[in-house]
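Read through the structure below, which is laid out as C-alpha cells, and then see the notes.
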Protein chains: 2
Amino acid sequence: MARGQPADRRERADRILDVTADLLLRWGHRRVTIDEVAGRAGVGKGTVYLHWSGREQIFLAVAAREAAGAIDAVVAAMRADTREVLLHRYMRRLFVEAMQRPVLRAVFTRDAETLDRLLADPRRRPLEGAKLVASREYLGLLGEHGLLRDGLRPEDLDYPLPAVVYGFFASEPLLSHEVVLGLEEKADHVADTLHHAFEPPTLPRSVPRPVAVKAIEIFEQLAREFREVTYGSAK
Amino acid sequence: MARGQPADRRERADRILDVTADLLLRWGHRRVTIDEVAGRAGVGKGTVYLHWSGREQIFLAVAAREAAGAIDAVVAAMRADTREVLLHRYMRRLFVEAMQRPVLRAVFTRDAETLDRLLADPRRRPLEGAKLVASREYLGLLGEHGLLRDGLRPEDLDYPLPAVVYGFFASEPLLSHEVVLGLEEKADHVADTLHHAFEPPTLPRSVPRPVAVKAIEIFEQLAREFREVTYGSAK
DNA sequence: ACGATGACTAGATTAGCACTTTGGTCATTC
DNA sequence: GAATGACCAAAGTGCTAATCTAGTCATCGT
C-alpha cells in the first residue's frame, strides 16, 4: 500500500530501527535476519532496502541513531550550563549517555557477541573514538580559550585522549567483581582523570557564551552527520 | 633417558617455553600442538606434562615468564634510579617493556589471533591489569610517602588507573594511521598522562632509598609469583 | 505513476557424517 | 623413578546435501 507521506518515511525508518535494535540486543548480530525485522516492523523486505543499502548499513544506522541521541543530550546540557563544554564535563556526560544506550554501549565495550562485524568494519570508525572523542574543531576551540593544560596543543591529545577514554569504556567488561561502582561514580572518575590529565588546574568559573555557542555548533553538526548515516537513503 | 639433575629441569622447561613462544607467534594459538612443541624441544610429549598440567597452562607459562622478565627490568631500573618507583616512571617502563615482549604485547593488546583462549580464561587475570598495574601494596607505599595526588587514597585508583593504563595498551591496534608515534613517544604520553592524573604536581627530586627498597621488594615478590606460574610443577 | 511488496535466485550457512588430529594418560622402558 | 610414546576418547576437519538468507526486481494496488 503506497502512501508516500513525506514524514511517514522517517517514522517507518524509526520503526524498523526500533525492531532491529531490539532483536540485535536480544539475539545478537548473527541471528537477526532482514526478513524477521521487516516482518516485525510490518513492512515488506524490499521496503527495508528502500531505506538502507544493506544489512550492515542497518546495524550501523541503529548505532548512529543512538550516537546522535547521545550528542543531543550533550548539546542540551551545554545549552543549560556553558561549563558543560569543558573537556572533563563533556566526556563525563558522553560516558553516561553512551553507557545508557545499549547498542552504543555494546559498540564501545566491544561486545562481539552482539555486534561482531560492526566492530571489524572500517566504517565503524566514525562511530568510535575519532570524531566523538577528539574532534579537532572542539579541541581547537578549547585550546584557543585556555581550556587545555599548559601549552598543550590540541594535536597533542590525538593519541592520549582517545586512549584514556577508550580505556574507561573498554575496561568495563574486565572490571574485577571487587570493584563495584555505579555509573555516576565511574563517570566521576572519568571526569576527574581527564580534568587533571588534560585541563589547567583551575578552570574559569564560567565559560563565555560565544565559546559555548561555537561548541554547540560543532556538536550539532556532528549529530547531523550521524543522522545522515542513520536515515540516509539507500544507494 | 633419566638424568634428574636438579637444574636441568629448569633448563628443559625454558627450552619448551622457547619453542612454544616461537610457534605461538608464528602460527597462532590454534595451530600449536603439544606434539610439535615436544618434538622441537627434543622431549617426549609426556615430558611436557611433567612440567605443566595442560595446554592452557603452557601458554600461560610463556606469558608469565615474559611478565617476570618485564618486572625484572622494572626492578633493575628502580635499583639504578630510585625515582623509577614513581607511578608515572614505573608505568612508563612497564609499558615499554611489555610492548617489546611479543607475547606480553599480544596479551595486552588482546591479539585474539595468537592468544585466543588465553584471553577468555579467567586465570588470565593475574597476568593482566590487576597485579601489574595496581598492586595494593605498591600504591599504598606511594600514598604513604605523598607520591599520590592530593588526598588520593590508593583504593581510589582501583578503577581509574587500570582503566587508563589498559586504554594505552588496548587502543594500540585501533590507532588511526594518521597517528604514527614511536614506542618511546607513546611511553612519554603514558607517563605524562599518569603523572598529571594521579601524582602531585611537584614530585620530590629523589625518592628515599628505603622507599625504593620497599617497592623493589614488592615487585620482586611479584616476579617470584609469575615465575611460580611459569615453572610451577604439574598438578 | 510509483511506492510497496514478496517470490525468486545466487551465494552463504548449517547439518550430518566419515575421517583425521590432538590433548592427555599411563604401562613400559632404560 | 624419570622419561617416553603408543593409545584412546574427544575434539576438529573436510565434504556433501539440504537449508537459509541477503538482496533483486517484476508485479501489484492505489
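Chain letters run A, B, ... following the sequence lines, proteins first, then strands; residues in each count from 1.
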Ignoring backbone atoms, test whether R12(A) places a side-chain nitrogen or oxygen under 4.0 Å from the OP1 or OP2 oxygen of dA4(C). yes
Nearest whole angstrom, please: distance from the P of dG23(C) to the CZ of R31(B). 13 Å
Does anything in residues 35-45 of chain A reach DNA chain C, meaning a heavy atom under 4.0 Å, and if so which residues? V43(A), G44(A), K45(A)
With sequence neighbours excluded, what pairs up with E184(A) under the side-chain hydrogen bond (donor to acceptor under 3.5 Å, both in side chains) test? R92(A)
May I ask you to say what V48(B) touches in the nucleic acid, namely base, sugar-phosphate or nothing, with a heavy-atom cut-off under 4.0 Å? nothing
E84(A): what forms a side-chain hydrogen bond (donor to acceptor under 3.5 Å, both in side chains) with it, not counting sequence neighbours? R89(A), R93(A)
Over 12 foreign heavy atoms within 6.0 Å of CD, E137(A): no
Considering residues at least two apart in sequence or located in another chain, which fulfil the side-chain hydrogen bond (donor to acceptor under 3.5 Å, both in side chains) criterion with D35(A)? none
Base, sugar-phosphate alone, or nothing: which one does T33(A) contact when heavy atoms must sit under 4.0 Å apart? sugar-phosphate
On the six-membered ring of Y231(A), is R10(A) placed so that its NZ or CZ lies under 6.0 angstrom from the centre and within 45° of the ring axis? yes
Mind calculating the distance between CZ (F59(A)) and P (dG23(D)) to the nearest angstrom? 10 Å
Roughly, in whole Å, what's the span from OH in Y49(B) to P in dT22(C)? 12 Å
Separation of dT22(C) atom P from W27(B) atom CH2, nearest Å, is 10 Å
Salt bridge (charged side-chain N to carboxylate O under 4.0 Å, His left out) partners for R31(A), two or more places apart: none
In whole Å, I'd like the distance from the CZ atom of R10(A) to the P atom of dG3(C). 19 Å
Roughly how many Å is it from CG in L23(B) to P in dG23(C), rounded to a whole number? 12 Å
Sorted by chain and number, sequence neighbours left out, side-chain hydrogen bond (donor to acceptor under 3.5 Å, both in side chains) with H88(B) holds for E199(B)
Can you tell me how far P of dT22(C) sits from NE2 of H29(B), to the nearest Å? 14 Å
Spacing of I58(B) atom CD1 relative to dG23(C) atom P, expressed in whole Å: 9 Å
Check every atom of dA22(D), dT13(D), dT5(C) against the side chain of T47(A) and return the nucleotide holding the closest atom. dT5(C)
Any side-chain N or O of R30(A) under 4.0 Å from OP1/OP2 of dT13(C)? no
